> 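First the structure, then my questions, so here it is.
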Amino acid sequence: MTGLVDVTALLLSRIRDVADYPEPGVMFKDITPLLADPAAFAALTDALAGIATATGATKVVGLEARGFILGAPVAVRAGLGFIPVRKAGKLPGATLSQAYDLEYGSAEIEVHAEDLSAGDRVLIVDDVLATGGTAEASIELIRRAGAEVSGLAVLMELGFLGGRARLAAALGGAPLEALLVV
């Protein structure tokens with residue numbers, strides 16, 4: 001258990017709080033100091049790669065944009081393929097798309113249809129779980145592509161926003177792993 005405590009402490013020590021960003025009253029959790037520290041970034045990558053292995057994932061999906069930064073090295077470390085889920089209009093060729101609601105308005109994400117197949121077990125990786133809207137849309141998108149969701153792994157869960165409860169049904173028993181809960 002000491003190793004996990006050490007990793008948690010290391011990760012927490014490298015996340016900077018930025019008050020009133022992007023708007024007054026918000027305490028932004030800045031992960032750029034963690035990414036700049038090779039030991040912390042390696043510990044994060046190792047922890048997420050361990051989750052990928054434990055869930056039996058065959059591919060890693062990273063959610064735009066910080067999910068790309070975290071998910072790609074996790075896929076490499078775990079010996080898996082990496083699939084980007086992007087905002088609408090950013091991928092060339094045939095895509096599957098999924099719309100979802102935001103606090104004010106809506107958004108849409110896409111994946112290349114041919115990158116996922118029925119035999120794939122997919123671990124979704126992102127930096128933060130907030131309300132769960134983007135994660136829920138990505139779960140639906142992966143299933144529509146014919147693949148199975150093996151789990152969702154995030155660096156940080158903002159527990160007070162209720163994303164975990166929102167995703168319980170969508171995950172259908174697949175694990176939601178947050179390395180840090182704030």
Side-chain angles (χ1 to χ4, degrees), residues 31 35 41 44-159 161-181:
I31 68 166
L35 299 174
F41 195 13
L44 171 59
T45 301
D46 288 343
L48 293 173
I51 293 168
T53 300
T55 64
T58 60
K59 292 191 177 158
V60 173
V61 154
L63 305 182
E64 188 165 343
R66 290 180 296 264
F68 298 171
I69 296 168
L70 304 185
V74 166
V76 170
R77 183 74 44 93
L80 306 173
F82 176 77
I83 315 271
V85 168
R86 306 242 17 218
K87 294 175 184 170
K90 301 289 185 180
L91 291 171
T95 61
L96 288 175
S97 64
Q98 182 68 40
Y100 62 101
D101 292 328
L102 298 169
E103 188 174 351
Y104 300 104
S106 63
E108 192 172 358
I109 55 174
E110 295 180 332
V111 68
H112 276 134
E114 71 273 6
D115 290 344
L116 294 169
S117 64
D120 288 324
R121 290 182 43 80
V122 179
L123 178 69
I124 302 164
V125 173
D126 206 3
D127 64 330
V128 174
L129 173 62
T131 63
T134 307
E136 186 177 43
S138 69
I139 291 166
E140 177 63 25
L141 196 57
I142 289 162
R143 290 199 175 121
R144 286 182 44 226
E148 179 183 345
V149 175
S150 69
L152 169 63
V154 296
L155 165 60
M156 191 174 6
E157 177 182 350
L158 305 180
L161 292 176
R164 181 176 292 269
R166 176 181 183 166
L167 293 174
L171 282 165
L176 191 168
E177 301 285 346
L179 300 179
L180 307 171
V181 179

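Here the structure is a predicted model, which means the values were calculated and not measured.
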> State which residues pass salt bridge (Lys or Arg N to Asp or Glu O under 4.0 Å) with Glu110; sequence neighbours excluded, sorted by chain then number.
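Counting only residues at least two positions away or on another chain, Glu110 forms no salt bridge (Lys or Arg N to Asp or Glu O under 4.0 Å).
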> Enter the distance from Leu63:CG to Arg86:CZ here, rounded to the nearest 0.5 Å.
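Rounded to the nearest 0.5 Å, the CG-CZ separation comes out at 12.0 Å.
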> For the residue pair Leu152 and Ala135, what are the closest heavy atoms and their distance?
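Shortest heavy-atom separation between Leu152 and Ala135 comes out as CD2-CB, 4.0 Å.
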> Between Val111 and Val61, is the side-chain contact (heavy atoms from CB on, under 4.5 Å) condition met? List the steps.
CA-CA 9 Å; Val111 68; Val61 154; 5.6 Å; no
> Is the closest side-chain heavy-atom distance between Glu64 and Ile109 below 4.5 Å?
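Heavy-atom side-chain distance check fails, nothing below 4.5 Å.
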> Side chains of Leu35 and Leu70: closer than 4.5 Å at any heavy-atom pair?
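SC-SC contact between Leu35 and Leu70 confirmed.
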> Atom CD in Glu157, atom CG in Leu179: separation rounded to 0.5 Å?
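Answer rounded to 0.5 Å: 11.0 Å.
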> Mind checking the OG-CZ spacing from Ser138 to Arg143? Nearest 0.5 Å is all I need.
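Rounded to the nearest 0.5 Å, the OG-CZ separation comes out at 10.0 Å.
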> Mind listing the closest non-hydrogen atom pair of Thr55 and Pro175 along with its distance?
CG2-CG, 3.9 Å
> Report all side-chain donor-acceptor pairs from residues 90-98 shorter than 3.5 Å, counting only partners two or more places apart or in another chain.
| unit_1 | atom_1 | unit_2 | atom_2 | d |
| --- | --- | --- | --- | --- |
| Ser97 | OG | Glu108 | OE2 | 2.9 |
| Gln98 | OE1 | Arg144 | NH1 | 3.0 |

> Is the closest side-chain heavy-atom distance between Val125 and Phe82 below 4.5 Å?
no
> What closest approach, in Å, do Phe68 and Val85 show between heavy atoms, and which atom pair accounts for it?
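Answer, listing the atom of Phe68 first, then Val85: CE2-O, 3.6 Å.
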> Checking side-chain contact (heavy atoms from CB on, under 4.5 Å) for the pair Ile51/Leu48: CA distance, chi angles, key distance, verdict?
CA-CA 5 Å; Ile51 293 168; Leu48 293 173; 4.2 Å; yes
> Taking all non-hydrogen atoms of both residues into account, name the closest pair between Pro73 and Phe41 and its distance.
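Closest heavy-atom pair between Pro73 and Phe41: CG-CZ, 4.1 Å.
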> Hey, is the main chain of Asp115 close enough, under 3.5 Å, to the side chain of Lys59 for a donor-acceptor pair?
yes
> Do any N or O atoms from the side chain of Ser150 and from the backbone of Val122 form a donor-acceptor pair under 3.5 angstrom?
yes
> Identify the heavy atoms of Val154 and Val128 that sit nearest to each other, and give their distance.
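Val154 and Val128 have their closest heavy atoms at CG1-C, 4.3 Å.
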> Could you walk me through whether Met156 and Ile31 pass side-chain contact (heavy atoms from CB on, under 4.5 Å), step by step?
CA-CA 10 Å; Met156 191 174 6; Ile31 68 166; 4.0 Å; yes
> Distance from Leu44 atom CG to Leu180 atom CG, nearest 0.5 Å?
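The CG atom of Leu180 is 8.5 Å from CG of Leu44, to the nearest 0.5 Å.
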> For atom CZ of Arg66, is the number of surrounding heavy atoms from other residues, nucleotides or ligands below 6.0 Å larger than 12?
no
> Of all the heavy-atom pairs spanning Ala170 and Glu136, show the shortest one and how long it is.
CB-CG, 4.2 Å
> Applying side-chain contact (heavy atoms from CB on, under 4.5 Å), run through Leu129 and Leu167 and close with a yes or a no.
CA-CA 10 Å; Leu129 173 62; Leu167 293 174; 3.6 Å; yes
> Hey, are the side chains of Leu80 and Leu123 touching, using non-hydrogen atoms and a 4.5 Å cut-off?
no
